[in-house]
Amino acid sequence: MEVKRSLITAVLLFVAIGAFCQAGAESMPEWGVAVLEVGSSLEARHEQVALRDCLALMGIPFLPTADVQVATRRPLVFIGGILLNTELNAPEREALYAYVEHGGVLLATQVQGNEFFPLFGIKHATPSRTNFRVQFTSTQDPALRYLNRPEERTISLGDPKFYSETVWSTEYTPNSESHVLASYENRTAAFIVNAYGRGLAYALGLGFKETTLIPRLAQSFEAQRHWINWFEPSGDVFRLLLRGLYEENVHPFLLVHTVPEGKETGLCLSHDVDARESFPNSLVFAKMEAALGVRSTFFVTTKYFLDDTDIGYYTPERVKWIRQVKELGFEAASHSVSHSLRFEQFPIGSADVNPMNYDPSHPTLFGEVSVSKQLLDRDLQQQTAGFRSGYLIYPSALLGVLEASGYAFDSSVSAQWVLTNYPYFGFRKRSLDSEHSQIVVVPVTLDDSRGELAVREFLTAETQQEALRIWTDVIRANAENNAITCLLIHPTNITYKLETERRLIEANRGSETWIGDVGTVARFWRGRARLRPSLQKEKDGKEAIILNVKQADLPSGQTLVFEARQGAAVPHVLDADGQSIPVRMRVTKDRVFLLLP
């Protein structure tokens, strides 16, 4: 029986390698990344959505496929799903082995099928829900090239002070050939790489669903190490692993850049107008920013009634100040009607609500969202596009209600709470089974009012220097990853607050930092999502970047990042009709920035 099984395995291996070599001979030069989607269970589908989402957020072009032969024609393959023995048949498994053996690079998450253990250099794999930290122990592997700060070398999966269990993870026992790149706090392996033949197989013990999607639903088991005013990359680290592997193994690499106008980083300016004095003070802040050549977003609370917290300060006299701010070219957005601490408890209510029939004593989500928009639209003669909740409270149905009310972007979460410093498209409800929303979420990174656990003001007359130091360090950390930092300053003071913001802008204003309002970032992100470039060889053998949109439909502020290679020409860019697109070019040591018109 054993002999017969060995013969069958040998035949299958021979067939798989033959098919792989034939495919490789014909198509191995195919460029780019393949996402091999395995499994049809709910867990597998969630992981596939998460992986696609991560690649899109990083601007990495990819081909999703369930066909092993199609996937293995590309130099880099990411597995979308959980590698159980039942997910691929024997020829497909052998094709993966042959792919890596002949020089391919493969990454899979939560490898649990022992049929794949030799490929990844695994002795045993054990599922767990008790791992709360991951420490990256290697500094040499190219997958870790972006993990250069302590906050990136040790990341959080949850807070053991509040939970006895956190997200699912897989603990690996590596064999003697594989190399451990990261470990859990119990010293079992969380990330390993195995040299198999001429290629490499990476096994990550955490799924992208657990590390990126669940946190974005603000359900991360309190994984944030600080509430605000801190560089928190625990979710972004896993996206950066993908980018590191991509830039190392796909040549030439091509990315859709994550910052407007091709800058290294972005500083997004915003103000919450939620106090009486904030209305006239907003004009002072706007004039200061305009003098420095930048713009910001003012999130205005439209509280027109008296309650136990304050008077109705949204009055025609105060609206005049916001109208002057808008006339200077600044953006006005909604900060709800009541700015209530109970916002998360409000029922959804009716979408037909308006200022005439809304009863603030019986508040609803639609009332707070839609009525505030209608008031701002009426008083400022605009179509209000942005929303931020009071106290950054995030009800489950918020994005769906915003979308139904005609909004385009939201800024109601802290970057630390959702473990990402990048904008993203959220879900209509805080559930993995919900549909993706068209609302762009721009997380708040820095906040003048929120100290640790919100027990003290962060920015005071005495803490200006410390606040500037912390804020500048967070901006620089995000710059290293081409991420965006969103600043929130309440315009309740026009002395030390105004001076601190002015100094922060002057310190960061330069050729590599984009500074502007939240709406511009959201529009940039929405336009960026439409770009799906590819790299092709033309008849003369030269490379060309092909866009999927016509030149007349190009979203503004977009940049393609192309690998700089000594002696190699920069490819020209063609639109969907094959017409050449003029670009502005900026060259750094290892990449070329192609700024689209």
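- N249 places no side-chain N or O within donor-acceptor distance of the main-chain N or O of L76, the cut-off being under 3.5 Å.
- For R565, the salt bridge (charged side-chain N to carboxylate O under 4.0 Å, His left out) partners at least two apart in sequence or on another chain are E543.
- In terms of the ring pair (Phe, Tyr, Trp, His ring centres under 6.0 Å) criterion, residue partners of F285 (sequence neighbours excluded) are, by chain and number, H271.
- Scanning for salt bridge (charged side-chain N to carboxylate O under 4.0 Å, His left out) contacts around E327 gives an empty result, with sequence neighbours left out.
- Using cut-offs of 30° and 60° on the angle between ring planes, the pair Y407 and F387 is perpendicular.
- Scanning for ring pair (Phe, Tyr, Trp, His ring centres under 6.0 Å) contacts around W417 gives W227, with sequence neighbours left out.
- For F231, there are no ring pair (Phe, Tyr, Trp, His ring centres under 6.0 Å) partners two or more places apart in sequence or in a different chain.
- With sequence neighbours excluded, the residues forming a salt bridge (charged side-chain N to carboxylate O under 4.0 Å, His left out) with E37 are R52, listed by chain and number.
- Every residue meeting the ring pair (Phe, Tyr, Trp, His ring centres under 6.0 Å) condition with H436, not counting sequence neighbours, appears here in chain and number order: F427.
- For R503, the salt bridge (charged side-chain N to carboxylate O under 4.0 Å, His left out) criterion is met by no residue, not counting sequence neighbours.
- Side-chain polar atoms of R528 and T258 form no donor-acceptor pair below 3.5 angstrom.
- Relative ring orientation between H257 and F593 is described as perpendicular, the plane-to-plane angle rising above 60° on a 0-90° scale split at 30° and 60°.
- Between S334 and T384 the shortest heavy-atom distance is N-CG2, 3.9 Å.
- A search for side chain to side chain contact (heavy atoms under 4.5 Å, CB included) contacts involving S370 returns V353, Q374, S405, not counting sequence neighbours.
- Residue pairs meeting the side chain to side chain donor-acceptor pair (under 3.5 Å) criterion with at least one member in residues 578-597, sequence neighbours excluded, are E247-R591, E512-R586.
- N508 and T513 are not linked by any side-chain donor-acceptor pair at a separation below 3.5 angstrom, with hydrogens and angles left out of the test.
- In terms of the side chain to side chain contact (heavy atoms under 4.5 Å, CB included) criterion, A56 has no residue partners (sequence neighbours excluded).
- Among residues at least two apart or in separate chains, salt bridge (Lys or Arg N to Asp or Glu O under 4.0 Å) pairs with a member in residues 401-424 are E403-R428.
- Counting heavy-atom neighbours within 6.0 Å of R476 CZ, excluding the residue itself, gives a total of 12 or less.
- Side-chain contact, T65 with D67: no donor N or O sits under 3.5 Å from an acceptor N or O.
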